[in-house]
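Taking it in order: structure first as structure tokens, then the write-up.
In what follows, every chain begins at residue 1, and chains take the letters A, B, ... in the order their sequences are listed. Just the heavy atoms: all of them, side chains too, but no hydrogens, waters or symmetry mates, feed the values below. Just so we're clear, the structure is a prediction, and the values are computed from it rather than from any experiment.
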There are 2 protein chains.
Amino acid sequence: MARPKETLVPTTPHVEGDEDIGEIRSIVGFHIRLAHGATYRHFTETFTDIDLTQKQVSVLWLIDDHPDIAQTDLAHRMRMDRATTMAIVNRLQDRGYLVRGASLTDRRKQTLNLTDAGRDALAKAKDAILEHERWLKSRFTDQEVEMLIEMLTRIHE
Amino acid sequence: MARPKETLVPTTPHVEGDEDIGEIRSIVGFHIRLAHGATYRHFTETFTDIDLTQKQVSVLWLIDDHPDIAQTDLAHRMRMDRATTMAIVNRLQDRGYLVRGASLTDRRKQTLNLTDAGRDALAKAKDAILEHERWLKSRFTDQEVEMLIEMLTRIHE
DNA sequence: GAGGATTGTCAGTGCAACATACAATAACAT
DNA sequence: ATGTTATTGTATGTTGCACTGACAATCCTC
């Protein structure tokens with residue numbers, strides 16, 4: 001069967017640089033998802049050597065800021081449920097970045113604390129975060145950054 | 001890698017209702033992730049009956065806007081890779097919401113089009129999206145919404 | 001002490017992002 | 001035309017993470 005070079009109806013008139021997404025463009029949630037995706041991608045690129053995810057860094061960071069924190073408290077601050085939190089804590093514990101301890105005040109609770117390795121990893125991660133943030137903030141003035149954070153906070157708080 | 005010991009807030013005592021997240025608060029990426037999480041959670045709540053994810057709705061929507069679109073083109077517009085796109089298209093196809101067809105112009109390509117069921121699901125989804133968007137936009141003035149979208153676009157475009 | 005709530009754990013499910021490999025096809029250089 | 005390279009879709013496997021529902025231990029209230 002010969003293949004005539006049929007120049008039929010071009011599927012979508014696909015002009016170079018045509019990335020129009022139509023009416024969906026006006027949907028805020030859509031842009032949040034795309035922005036999150038772009039941010040996440042750049043994050044993982046920046047963190048290839050360190051091999052930590054956004055979530056994991058955030059958890060390390062919060063534990064460092066709040067020693068002896070309980071998993072439920074951590075979950076609450078991160079807006080995660082208990083099961084998800086446990087999965088992340090498990091991963092971090094397996095890698096020797098944190099230790100679980102017994103709470104003195106409530107025997108149901110576990111205290112979470114970083115190990116030296118965890119603190120070390122967090123320090124490296126914070127450097128990488130600064131790099132990542134520079135990439136992110138390069139699009140905005142200081143005032144815009146402030147406004148963006150404020151608006152995003154209105155969504156998640 | 002001698003790094004000046006960061007002078008951090010002393011261990012924040014844990015008062016009732018203390019949800020402070022410390023210095024991490026100034027990290028834009030952190031807020032994007034939290035806002036995305038909050039948005040995603042509300043989305044899934046709004047969509048329990050319809051049983052579609054953000055991603056799936058976006059794909060249906062884009063296919064509806066661009067009939068005969070190829071998977072690669074779709075992937076590009078959604079900022080996904082081919083494998084991820086295929087997984088989503090497969091799921092949607094299994095549920096009878098779209099069909100793959102042969103492209104007339106390039107036999108490597110598949111054309112994607114919605115079925116009637118797909119169009120129906122999309123119509124319902126759009127209603128739910130409006131509801132979801134109302135929830136999202138209730139925090140902002142029209143002008144702020146516009147600014148937020150513009151800023152988020154700067155990140156993902 | 002009994003009943004209810006909280007905390008951590010565990011098992012299972014689903015989505016989605018990634019990498020890798022492969023076959024078919026198209027595009028291109030010579 | 002021929003061989004090389006690029007593109008497109010597919011298949012497979014891994015990882016992360018969010019959710020559900022169940023469970024035991026513990027705490028709190030009455």
Side-chain angles (χ1 to χ4, degrees), chain A residues 1-7 11 14 33-34 36-45 47-48 51-59 68-76 78-95 98 100-112, chain B residues 16 33-34 36-45 47-48 50-59 68-76 78-95 98-112:
Chain A
M1 183 209 284
R3 286 158 268 127
K5 269 260 181 171
E6 31 203 340
T7 29
T11 38
H14 197 190
R33 203 164 49 55
L34 283 191
H36 174 255
T39 307
Y40 191 81
R41 267 188 298 278
H42 181 269
F43 186 98
T44 51
E45 280 167 30
F47 274 70
T48 36
D51 194 32
L52 286 171
T53 66
Q54 280 189 343
K55 210 110 234 193
Q56 290 165 351
V57 172
S58 298
V59 167
D68 286 341
I69 192 174
Q71 277 184 203
T72 305
D73 191 5
L74 179 61
H76 187 223
M78 298 275 301
R79 274 78 174 172
M80 305 182 301
D81 70 4
R82 287 174 299 149
T84 304
T85 305
M86 205 195 63
I88 296 174
V89 168
N90 280 344
R91 244 170 261 131
L92 258 15
Q93 183 183 250
D94 289 347
R95 289 172 60 173
L98 58 80
R100 288 168 152 109
S103 168
L104 298 175
T105 59
D106 188 333
R107 289 199 298 164
R108 292 170 306 181
K109 292 189 180 179
Q110 306 259 17
T111 62
L112 299 177
Chain B
E16 173 109 29
R33 201 163 53 54
L34 283 191
H36 174 255
T39 307
Y40 189 81
R41 266 188 299 278
H42 181 269
F43 186 98
T44 52
E45 280 167 31
F47 275 70
T48 37
I50 301 178
D51 196 29
L52 287 172
T53 66
Q54 281 189 340
K55 209 112 234 191
Q56 289 166 351
V57 172
S58 299
V59 166
D68 286 341
I69 192 174
Q71 277 183 201
T72 305
D73 191 4
L74 179 61
H76 185 223
M78 298 276 299
R79 275 77 172 169
M80 303 184 301
D81 69 4
R82 287 175 299 151
T84 303
T85 305
M86 204 196 62
I88 295 175
V89 168
N90 281 344
R91 245 171 257 131
L92 257 15
Q93 183 183 251
D94 290 346
R95 289 172 61 172
L98 58 81
V99 286
R100 284 182 232 245
S103 168
L104 298 175
T105 59
D106 188 334
R107 290 200 298 165
R108 291 170 305 181
K109 292 189 181 179
Q110 305 260 14
T111 63
L112 299 176

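- In terms of modelled atom types and a separation under 3.5 Å, the side chain of B/R41 and the main chain of A/R79 share a donor-acceptor contact.
- Remark: P of C/dT9 and CZ of A/R107 are 16 Å apart, rounded to the nearest angstrom.
- Looking at residues two or more places apart in sequence or on another chain, you find a ring pair (Phe, Tyr, Trp, His ring centres under 6.0 Å) between B/F43 and B/F47, B/H132.
- Heavy-atom contacts of chain A under 4.0 Å fall on DNA chain D between two terminal nucleotides, which in 5' to 3' order are D/dG16 to D/dC27.
- Taking A/Q71 as the reference, A/R100 meet the side-chain hydrogen bond (donor to acceptor under 3.5 Å, both in side chains) condition, with sequence neighbours excluded.
- Side-chain atoms of A/T39 and B/H36, non-hydrogen and from C-beta on, never get closer than 4.5 Å to each other.
- Judged as a side-chain contact (heavy atoms from CB on, under 4.5 Å), and not counting sequence neighbours, A/R107 has no contacts.
- Within the 4.5 Å cutoff, side-chain heavy atoms of B/M78 are placed close to those of B/V59.
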Between N or O atoms, less than 3.5 Å apart, protein on one side and nucleotides 16-19 of chain C on the other: list the pairs.
from: C/dA16; atom 1: OP1; to: B/T53; atom 2: OG1; distance (Å): 2.5
from: C/dA16; atom 1: OP2; to: B/R91; atom 2: NH1; distance (Å): 2.8
from: C/dA17; atom 1: OP1; to: B/K55; atom 2: NZ; distance (Å): 2.9
from: C/dA17; atom 1: OP2; to: B/K55; atom 2: NZ; distance (Å): 3.1

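- Remark: B/R108 pairs with B/D106 by the side-chain hydrogen bond (donor to acceptor under 3.5 Å, both in side chains) rule, at least two apart or across chains.
- One can place CG of B/L52 at 13 Å from C1' of C/dC15, the figure rounded to the nearest angstrom.
- A/L74 is listed as a side-chain neighbour of A/V89, based on a closest heavy-atom distance under 4.5 Å.
- Taking for each of A/R100 and B/R95 the nucleotide of DNA chain C with the nearest heavy atom, the 5'-most of the two is the partner of A/R100.
- For the side-chain hydrogen bond (donor to acceptor under 3.5 Å, both in side chains) test, residues two or more places apart in sequence or in another chain that qualify with A/R33 are B/Q54, B/S58.
- Not counting sequence neighbours, A/T48 has no partner by the side-chain hydrogen bond (donor to acceptor under 3.5 Å, both in side chains) test.
- Each end of the helix from C/dG1-D/dC30 to C/dT30-D/dA1 gets its own axis, taken as the rotation carrying the C1' atoms of four end pairs onto the next four within a five-pair window, and the two axes meet at 30° to the nearest 10 degrees.
- In this structure A/D81 satisfies the salt bridge (Lys or Arg N to Asp or Glu O under 4.0 Å) test with no other residue, sequence neighbours excluded.
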Interface polar pairs with nucleotides 5-7 of chain C, N/O, under 3.5 angstrom:
from: C/dT6; atom 1: O4'; to: A/R108; atom 2: NH1; distance (Å): 3.4
from: C/dT6; atom 1: O2; to: A/R108; atom 2: NH1; distance (Å): 2.8

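- The two residues A/Q56 and A/D51 make their nearest non-hydrogen contact at OE1-O, 4.2 Å.
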